[in-house]
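Before any comments, here is the structure.
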Number of protein chains: 2
Amino acid sequence: MAPMTPPPVAKISLRERKKLRTRQAIRRAAVRLFTEQGYDATPIDQIAEAAEVSPSTVFRYFPTKEDIVLMDEDDALMEVFFRARPAHEPPLTALREAIRATLAQIYDTEEAVEDIRRRMRLVATVPALRARLDEGLSASGASMTDALAERTGTAPDQLELRVFLGAVLGGLREALLYWVARDLSDDLGAIVDRTFDVLEHDLADSAPRVEEAAG
Amino acid sequence: MAPMTPPPVAKISLRERKKLRTRQAIRRAAVRLFTEQGYDATPIDQIAEAAEVSPSTVFRYFPTKEDIVLMDEDDALMEVFFRARPAHEPPLTALREAIRATLAQIYDTEEAVEDIRRRMRLVATVPALRARLDEGLSASGASMTDALAERTGTAPDQLELRVFLGAVLGGLREALLYWVARDLSDDLGAIVDRTFDVLEHDLADSAPRVEEAAG
DNA sequence: TGCTAATTGGTAGTGACTCTCAAAAGTGAG
DNA sequence: CTCACTTTTGAGAGTCACTACCAATTAGCA
């Protein structure tokens with residue numbers, strides 16, 4: 001795989017650079033305040049003040065309060081990787097590899113990892129954020145269903161197709177929350193592997209495998 | 001003079017009967033108004049007026065606007081049925097039968113069916129309601145995980161267990177939305193059967209089965 | 001420098017939801 | 001039936017996310 005986007009820092013106009021900085025400032029201030037004093041206890045006005053922008057600007061950058069923490073474009077990224085997998089590959093394998101590639105892409109810098117950690121810790125504790133996460137996952141499922149339909153040449157509104165992807169994403173959701181609940185100390189790649197093992201083997205065996213010790 | 005044996009209805013106190021009627025009145029008014037003029041276009045005040053109660057009372061009966069449509073206790077019901085299944089039965093089979101039993105229980109009267117239809121039609125079109133549905137499903141997943149853990153004698157926070165149930169519920173969620181999207185015309189029991197077929201066979205085969213004709 | 005278009009801040013809403021408190025209605029005993 | 005008592009209700013004020021709009025500022029470019 002060729003590396004995708006080289007940093008075109010200088011090519012971005014001053015306007016775009018300022019927008020990016022503002023966006024980052026809002027998110028950073030929000031995550032810090034949420035962590036310090038709680039999500040519900042932090043009104044938008046306070047975030048705006050901390051980020052040195054007006055409340056209107058906060059809403060201009062993020063449609064909802066939850067999106068300040070969660071908005072990202074990994075959905076699209078995963079779909080791109082999925083569509084890039086060879087056509088002969090079984091769907092579950094293609095999905096696994098697409099997820100692998102997406103994770104690798106996201107986890108490129110130490111800074112990015114720490115950022116995700118901070119945000120995920122919030123997701124673990126705030127119900128509203130978990131709900132928003134599900135919403136994103138559901139949207140992701142819809143687009144992946146389309147992709148899979150094209151792959152197999154079937155209608156995207158086929159029940160079997162939707163159930164298949166619903167099951168995979170439902171399993172991945174639990175894996176993600178499990179990872180976060182254990183304070184993100186485990187290797188996410190290993191967890192994804194175990195998740196796909198359950199999907200491939202245990203569901204068919206109709207009995208989840210029992211491990212002796214929980215690593 | 002002692003009257004004849006009072007009907008079982010009378011066992012409920014006047015207070016409880018009034019509460020039940022108020023609850024029903026609010027829900028009925030809400031569903032009607034939501035259907036007629038849209039969910040977002042219907043403020044709580046209007047529902048209160050239509051149900052002939054104060055806005056405060058609406059919030060006393062339903063914690064959120066979404067819950068007016070969605071609040072029910074089928075979660076607990078399904079868990080009861082699941083726990084009642086014989087211990088030697090494979091988990092997926094036990095789940096399937098528990099869901100069957102729950103559906104049969106809910107679909108007992110024609111009136112109940114029509115009520116569910118009306119509410120589900122709303123769920124299909126209103127994003128906020130779909131989000132709330134997922135929340136309920138997630139909670140259901142958590143309690144079912146506990147039940148399954150007791151069944152198999154493992155820790156309830158085991159990754160494999162959570163992924164297993166997450167996958168099943170993720171698949172069922174899609175089945176439910178598929179059913180609703182097709183205007184609830186299909187037989188729900190048949191859809192559940194097809195869903196479990198995917199979970200048992202197609203996931204392991206790693207390729208969703210392709211049907212020649214879609215229903 | 002001056003024109004144009006994008007970005008921002010402020011102001012005034014709407015509506016869900018919370019808290020509090022006093023009025024009203026059901027309950028149970030004498 | 002009447003008198004406490006408890007529960008339920010309604011009304012008011014308040015918080016906060018989010019929207020719509022308009023005026024002021026600022027970047028992009030000739």
Side-chain angles (χ1 to χ4, degrees), chain A residues 8-27 29-31 33-34 36-71 122 126-132 135, chain B residues 6 9-27 29-31 33-34 36-71 122 126-132 135:
Chain A
V9 183
K11 293 207 69 173
I12 309 174
S13 71
L14 172 60
R15 262 199 190 137
E16 295 302 315
R17 251 178 300 152
K18 280 193 78 167
K19 280 213 278 189
L20 227 67
R21 257 191 298 141
T22 305
R23 192 184 179 78
Q24 206 172 15
I26 294 171
R27 173 168 279 171
V31 169
L33 289 170
F34 290 162
E36 281 174 13
Q37 59 190 25
Y39 180 84
D40 290 325
T42 307
I44 297 281
D45 294 31
Q46 200 180 342
I47 299 169
E49 199 185 0
E52 294 181 299
V53 293
S54 75
S56 324
T57 301
V58 175
F59 284 113
R60 219 169 260 125
Y61 278 81
F62 300 96
T64 71
K65 193 179 170 185
E66 295 104 57
D67 284 322
I68 303 179
V69 179
L70 278 177
M71 238 177 86
L122 282 170
V126 181
L129 293 179
R130 236 168 314 145
R132 190 70 188 75
E135 219 177 309
Chain B
V9 184
K11 290 197 69 173
I12 311 171
S13 73
L14 173 59
R15 263 197 192 141
E16 293 303 313
R17 251 178 299 152
K18 279 194 80 168
K19 280 214 278 190
L20 226 68
R21 256 191 299 142
T22 304
R23 193 185 178 76
Q24 206 172 16
I26 294 170
R27 174 168 279 171
V31 170
L33 289 170
F34 289 162
E36 282 174 14
Q37 59 190 24
Y39 180 84
D40 289 325
T42 307
I44 297 280
D45 294 31
Q46 200 180 343
I47 299 169
E49 198 183 2
E52 294 181 299
V53 293
S54 76
S56 324
T57 300
V58 174
F59 283 114
R60 220 170 257 124
Y61 279 82
F62 300 97
T64 71
K65 192 179 171 184
E66 296 104 56
D67 284 322
I68 303 180
V69 179
L70 279 177
M71 238 177 86
L122 281 170
V126 181
L129 292 179
R130 237 170 312 146
R132 190 70 189 73
E135 220 176 309

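Convention: sequence-line order gives letters A, B, ...; per-chain numbering from 1. Everything quoted here is computed from the prediction, not taken from an experiment.
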Would you say A/K19 and A/E16 make side-chain contact, with heavy atoms under 4.5 Å?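 Sidechains of A/E16 and A/K19: in contact.
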Rounded to whole angstroms, how far apart are [atom1] on [X] and [atom2] on [N]?
{"X": "B/K65", "N": "D/dC16", "atom1": "NZ", "atom2": "C1'", "value": "17 Å"}
{"X": "A/I68", "N": "D/dC16", "atom1": "CD1", "atom2": "C1'", "value": "13 Å"}
{"X": "B/F59", "N": "D/dA11", "atom1": "CZ", "atom2": "P", "value": "15 Å"}
{"X": "B/Y61", "N": "C/dT18", "atom1": "OH", "atom2": "P", "value": "17 Å"}
{"X": "A/L33", "N": "D/dC16", "atom1": "CG", "atom2": "C1'", "value": "16 Å"}
{"X": "B/K19", "N": "C/dA24", "atom1": "NZ", "atom2": "C1'", "value": "16 Å"}
{"X": "B/Q46", "N": "C/dA16", "atom1": "CD", "atom2": "C1'", "value": "15 Å"}
{"X": "B/R60", "N": "C/dA24", "atom1": "CZ", "atom2": "P", "value": "15 Å"}

Hey, is the main chain of B/I68 close enough, under 3.5 Å, to the side chain of B/Y61 for a donor-acceptor pair?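 Absent.
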Any donor-acceptor pair, under 3.5 Å, between the side chain of [X] and the base of [N], if you only look at N and O atoms?
{"X": "B/R17", "N": "C/dG26", "value": "no"}
{"X": "B/S54", "N": "D/dA11", "value": "no"}
{"X": "B/R15", "N": "D/dT6", "value": "yes"}
{"X": "B/T57", "N": "D/dG10", "value": "no"}

Between C/dC17, D/dA27, D/dA17, which one does the side chain of A/P43 approach most closely?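 Per side-chain heavy atoms of A/P43, the pick is D/dA17.
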A/E66 side chain, from C-beta outward: closest of D/dC18, D/dA11, C/dT8: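 The answer is D/dC18, which lies nearest to the side chain.
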Is there a side-chain contact (heavy atoms from CB on, under 4.5 Å) between B/E135 and B/E66? Walk through the geometry before answering. CA-CA 11 Å; B/E135 220 176 309; B/E66 296 104 56; 6.0 Å; no
Would you indicate what B/F62 reaches in the nucleic acid, counting non-hydrogen atoms under 4.0 angstrom: base, sugar-phosphate, or nothing?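 Contact class for B/F62: none.
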Taking every non-hydrogen atom, the tightest pair across B/T57 and B/I26: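 Closest pair (atom of B/T57, atom of B/I26, distance): O-CD1, 4.4 Å.
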Which atom names give the shortest non-hydrogen contact between A/I44 and A/K65, and what distance separates them?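 Heavy atoms only, the tightest pair is CD1-CG, 3.9 Å.
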Contact nearer the 5' end of DNA chain C, comparing B/E16 with B/D40: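 Taking each residue's closest nucleotide, the earlier one in sequence belongs to B/D40.
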When you measure from the side-chain N and O atoms of A/K18 to the phosphate of D/dA27, is any distance below 4.0 Å, counting only OP1 and OP2?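 Yes.
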Of A/T42 and A/S56, the one whose closest DNA chain D nucleotide lies more 5':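 So the residue in question is A/T42.
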